[in-house]
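Reading through the structure tokens given below for one structure.
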Amino acid sequence: MNSTMDRDQLLSVAAEPYPFEFRPASCALLVIDMQRDFLEPGGFGAALGNDVSLLRSTIAPIGQLLAAWRAAGLMVLHTREGHRADLSDLPPAKRVRGRFKTRIGDAGPMGHILVRGEPGHDIIPELYPVAGEPVIDKPGKGAFWATDLHAILHHRGIRQLVVCGVTTEVCVNTTVREANDRGYDCLVPEDCVASYMPELHRAGLAMIKAQGGIFGWVSHSQRLLQALA
Ligand code: C5J
């Protein structure tokens with residue numbers, strides 16, 4: 001696929017519960033929270049007791065989709081979960097939830113955890129945004145809540161989303177549900193999302209595609225790349 005392709009043609013991807021049809025011009029790639037705080041040792045994910053290496057299998061396939069979207073001149077967006085340095089947008093309930101020793105805003109090896117501007121809050125170097133790709137800073141799990149994501153997609157004529165990133169059952173699932181309620185179709189490539197808990201990854205995907213695709217479609221990055229080729 002290259003920048004001379006017909007971006008308005010209708011493409012079809014093998015998916016569950018049935019093929020996903022999309023026009024590249026109106027289908028954005030949305031990469032959720034591929035941040036150092038979730039994917040590298042010493043960040044928020046690790047502070048909660050998780051094995052961050054479980055998420056790293058997504059980096060290569062997301063990289064392939066990013067390359068294909070960029071080569072075709074299609075829309076790419078990234079999100080980051082995090083808070084203001086003074087923590088004024090951090091709900092006290094979110095800060096204390098889990099009764100963990102290390103909490104959001106505390107100093108860690110990659111700076112203050114999940115705080116904007118700190119090294120750990122930023123996107124991993126392997127998938128770093130390039131010029132022109134909006135980065136949505138979100139205080140919650142869903143990418144639509146308290147952000148301008150919906151306005152940006154609307155202004156660019158985007159109606160469908162390929163949603164990648166971490167974690168499957170938390171920020172990916174919340175964002176897919178929010179998108180569904182706003183009228184977007186979402187396709188989730190199963191190898192481009194991951195969880196610290198593999199059983200919740202499977203459950204998160206099952207919930208999206210159940211009941212005729214109640215929240216969206218599930219496929220694989222290779223099937224998507226074949227459709228674009
Ligand atoms: C979490 C996320 N798991 N990006 N955030 O707290 O899924």
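Counting starts at 1 for both ligands and their atoms, in listed order.
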Ligand-residue contact atoms, ligand 1 with V170, heavy atoms, under 4.0 Å: 1 (C), 3 (N), 7 (O)

Subset of ligand 1 atoms that lie under 4.0 Å from at least one heavy atom of D33: 2 (C), 4 (N)

Shortest protein contact, atom 7 (O) of ligand 1 (heavy atom only): T167 N, 2.9 Å

Y18 (side chain) donor-acceptor with W217 (main chain) under 3.5 angstrom: no

Pair H78, Y128: side-chain N/O donor-acceptor within cut-off below 3.5 Å: no

Whether D51 side chain and S53 backbone form a donor-acceptor pair below 3.5 Å: yes

Short N-O contact, R159 and D185, less than 4.0 angstrom: no

Among G165, A194, S195, C171, closest by any non-hydrogen atom to atom 2 (C) of ligand 1: C171

Within-cut-off N or O pair, E81 and ligand 1, under 3.5 Å: yes

Contact (N/O only, under 3.5 Å) between V166 and ligand 1: yes

Ring centres under 6.0 angstrom apart (F215, Y184): no

Flag for E21-S12: side-chain donor and acceptor within less than 3.5 Å: no

Protein contact of atom 6 (O) of ligand 1 - nearest heavy atom, named by residue and atom, plus distance: K141 NZ, 2.8 Å

